[in-house]
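Both ligands and their constituent atoms are indexed starting at 1 by order of listing. Position 1 is the first residue of the sequence; numbering continues from there. Just so you know, these numbers use all the heavy atoms, side chains as well, and skip hydrogens, waters and symmetry mates.
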Amino acid sequence: MSNFNNEELEKRFQEKIDKEIKIEPNDWMPDAYRKNLIRQISQHAHSEVVGMLPEGNWITRAPNLRRKAVLLAKVQDEAGHGLYLYSACETLGADREQTIDDMHDGKAKYSSIFNYPAVTWADMGAIGWLVDGAAIMNQVALCRTSYGPYARAMVKICKEESFHQRQGFEILTTLCKGTEQQKAMAQDALNRFWWPSLMMFGPSDSDSPHSAQSIKWKIKRFTNDELRQQFVDAAAPQADILGLTIPDANLKWNEARQHYDFSEINWDEFWQVLEGNGPCNKERIAARKAAKENGQWVREAATTYAEKRALRKTA
Ligand code: BYC
């Protein structure tokens, strides 16, 4: 046990962070740092798992075998991301099942974007391009987050997300080079997914209660608004390449700022979705709860099998 008092320990902890030394599971950390990380990482894990639902729904309806195989692989990747993140969360002492129950009971959030429906094949393109694109923008920064297991999980996740983003862009490129109807379908998907994708970065900095402390602890390396701006700056020229129009009359390159200007987000819609009133909130939670109940027998069988094996070893 250490002889230092809490104040001294916190000082040393912050010095480590300032020197870019990663915090590892057995290192001393303030309770609030641990709690904040468990909150963010578990919500991140829930987002990956709930994020499988809109795309999983299209696996049987993908237009050809190649598209089906690619989409299936992508959805499986998202399951893997969820697993790394739940494991990272467990290194902080969190109970995985408890974090999942917290989501089912509405105590823990998952990304707002997955409360919007995926109604056409073009939505698979828009999700890859915009949703995975926004996720990468956020997650590349998280590769340098101060908690070692989270940062290392992010490196692998980012490699996969980058493939996801390209497959989405490729779906849209194909549709945009197709018939007028196909191009219209791509435009319609962009119209519906643009604003919810910008909301993925979280509330504006002035309304983000966790940002200041998370930046100080280097859990977050950029603020919500900074990452959102980076995303808009990257996506606008990509929309031009596709020949699609971003649904924002105020989107315009600002030479002085060296950034795109864009309209104010509909924050009322954002908070409504967070409160459970988005188009698909109830459906998503019902699907996750059913998955947990339906998988109960598998968990029981696996536990019994593990217990039997352990007994055999000691016999
Ligand atoms: N949706 O103080 P703030 C993916 C909550 S999935 C819902 O700014 P923070 C993919 C926030 O949690 C990738 N809730 O918080 C998967 C907080 O609520 P609590 C998902 C949101 O944490 C499948 C409150 O609002 N990525 O890649 O400093 C297919 C105040 O916000 C949202 C991550 O999870 C939202 N959009 O910053 C395809 C990245 N925004 O906890 C793709 C990791 C905010 O106080 N997470 N809230 O009840 C982060 O980087 C940060 O947690 C956030 C928010 C930037 C999201």
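Inclusion of Q43 in the set of residues having an N or O under 3.5 Å from an N or O of ligand 1 is warranted. The distance criterion of under 3.5 Å between nitrogen or oxygen atoms is met by P209 with respect to ligand 1. In terms of polar-atom proximity, L274 is not counted as a contact of ligand 1, lacking any N or O under 3.5 Å from an N or O of the ligand.
Between W194 and F231, the ring planes lie parallel to each other; the angle is under 30°, not in the 30° to 60° tilted range. Y84 and H81 have tilted rings, their planes meeting at an angle from 30° to 60° on a 0 to 90° scale.
Among protein heavy atoms, the minimum distance from atom 50 (O) of ligand 1 is reached at N138 ND2, 2.9 Å. Remark: minimum distance from atom 43 (C) of ligand 1 to any protein heavy atom is reached at H44 ND1, 3.4 Å. In terms of protein heavy-atom proximity, atom 40 (N) of ligand 1 is closest to G202 CA, 3.1 Å. The protein heavy atom nearest to atom 44 (C) of ligand 1 is P203 CD, 3.6 Å. Of all protein heavy atoms, the one closest to atom 1 (N) of ligand 1 is S112 N, 2.8 Å. Nearest protein heavy-atom contact of atom 49 (C) of ligand 1 is Q40 NE2, 3.5 Å. Scanning the protein for heavy atoms near atom 42 (C) of ligand 1, the closest one is D132 OD1, 3.5 Å. Nearest protein heavy-atom contact of atom 22 (O) of ligand 1 is R39 NH2, 2.9 Å.
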Evaluation steps, side-chain hydrogen bond (donor to acceptor under 3.5 Å, both in side chains), between S263 and D248:
CA-CA 7 Å; S263 300; D248 180 357; 2.5 Å; yes
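Shortest non-hydrogen contact noted between M52 and A79 is CE-CB, 3.6 Å. Here the closest non-hydrogen pair linking G202 and W267 is O-CH2, 3.4 Å. A pairwise comparison of heavy atoms in E24 and Y147 identifies C-CE1, 4.0 Å as the closest pair.
A heavy-atom separation below 4.0 Å is found between Y150 and ligand 1. Distances from ligand 1 to the non-hydrogen atoms of H164 include no value under 4.0 Å. For the pair K74 and ligand 1, a heavy-atom separation below 4.0 Å is found.
Salt-bridge check for E10 with K216: failed, with every basic side-chain N at 4.0 Å or more from each acidic carboxylate O. A salt bridge does not link E170 to R166: none of the charged nitrogens lies less than 4.0 Å from a carboxylate oxygen. Here E15 pairs with K11 in a salt bridge; the nearest charged N to carboxylate O distance falls below 4.0 Å. Salt bridge status for K292 with D101: present, with a side-chain N to carboxylate O gap under 4.0 Å. Between K220 and E226 there is no salt bridge, since no side-chain N of the basic residue sits under 4.0 Å from a carboxylate O of the acidic one. Note on E78 versus K74: salt bridge recorded, some NZ/NE/NH1/NH2 to OD/OE distance being below 4.0 Å. Salt bridge present: K156 and E160 bring a charged side-chain N and a carboxylate O closer than 4.0 Å.
Listed by atom number, the atoms of ligand 1 under 4.0 Å from K109 heavy atoms are 5 (C), 14 (N), 18 (O), 19 (P), 48 (O). Within the listing of ligand 1, atoms 29 (C) sit less than 4.0 angstrom from a heavy atom of E55. Below 4.0 Å from some heavy atom of G51 lie the following atoms of ligand 1, by number and element: 23 (C), 29 (C).
Proximity annotation for atom 56 (C) of ligand 1: of M52, Q213, M200, H46, M200 comes nearest, heavy atoms only. By heavy-atom distance, the residue among K220, E78, H210 lying nearest atom 37 (O) of ligand 1 is K220. Distances from atom 8 (O) of ligand 1 to the heavy atoms of C158, A108, S208 put S208 nearest.
Only the side chain of N224 comes within contact range of ligand 1, with a heavy atom under 4.0 Å; no backbone atom does. With a heavy-atom cut-off of 4.0 Å, F201 touches ligand 1 through its backbone alone. Using a 4.0 Å cut-off between heavy atoms, E161 contacts ligand 1 through its side chain alone, with no backbone atom that close. Of all the heavy atoms of Y110, the ones lying under 4.0 Å from any atom of ligand 1 belong exclusively to the backbone.
Less than 4.0 angstrom separates atom 53 (C) of ligand 1 from none of the non-hydrogen atoms of the protein. Under the 4.0 Å distance rule, the nearest protein heavy atom to atom 33 (C) of ligand 1 falls inside the cut-off.
By the 4.5 Å heavy-atom criterion applied to side chains, Q230 and F222 are counted as neighbours.
Of the possible donor and acceptor atoms, one in the side chain of Q182 sits under 3.5 Å from a partner among the backbone N and O of T179.
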